[in-house]
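Notes follow once the structure below has been shown.
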Amino acid sequence: MPSADEILQRMRELQERREAAAKPLVDILAKRSRLLEQLAELDEPYGKAYVDAEAAGWTAEDLAKLGAEEPEKRPRVRSRRARSSARKADSQATLAASGSSSPAMTIPSQDGAAAATGMADSAAPA
């Protein structure tokens, strides 16, 4: 019957062989992970370039003939209406943050407290 030291030695040898066999896989996995990250970083600019090419007159068929696949993620394009609304909201927020006390920028109370000033005690339910 083998001694405890002999059993431990066999276990270490087995473990070393297993680690040696896994090392190439671990190296490739790390390299693969880096490449996938780089590819993901190109998704957005690729989608924008594809949309720009279409806007310049290229069709999806033409681009496919050139080897350009349709992007999975197309860049979000806001309509002019959404852009002008966003600019308007930004300018209003800027005015409000600057402490402007213009009546046009006054926001009415949601619960009607501004209209009921001084009447809160008499209007309260009994």
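In this chain, numbering begins with 1 at the start of the sequence shown. Note that the structure is a prediction, hence the values are computed from the model and not measured.
The side-chain heavy atoms of Met11 and Leu14, taken from C-beta on, include no pair separated by under 4.5 Å. Within the 4.5 Å cutoff, the side chain of Pro2 has heavy atoms near those of the Arg10 side chain. Between Asp43 and Glu72 the shortest side-chain heavy-atom distance does not fall below 4.5 Å. In this structure, the side chains of Glu41 and Tyr46 stay at 4.5 Å or more apart for every pair of heavy atoms.
Partner of Glu54 under the side-chain contact (heavy atoms from CB on, under 4.5 Å) criterion, chosen from Leu63, Thr59, Asp62: Leu63.
Between atom CG of residue Leu42 and atom CD of residue Glu37 there is a gap of 12.5 Å, rounded to the nearest 0.5 Å. With rounding to the nearest 0.5 angstrom, the CD atom of Glu16 is 7.5 Å from the CD atom of Glu19. With rounding to the nearest 0.5 angstrom, the CG atom of Leu36 is 10.0 Å from the CG atom of Leu29.
The environment of Glu6 atom CD is dense: over 12 non-hydrogen atoms of other residues, nucleotides or ligands sit within 6.0 angstrom. Atom CD of Glu61 has 12 or fewer heavy atoms from other residues, nucleotides or ligands within 6.0 Å.
In summary, Lys31 and Asp27 do not engage in a salt bridge, as defined by a charged side-chain N under 4.0 Å from a carboxylate O.
Nearest approach of Tyr50 to Ala68, heavy atoms of both residues: CE1-O, 4.0 Å.
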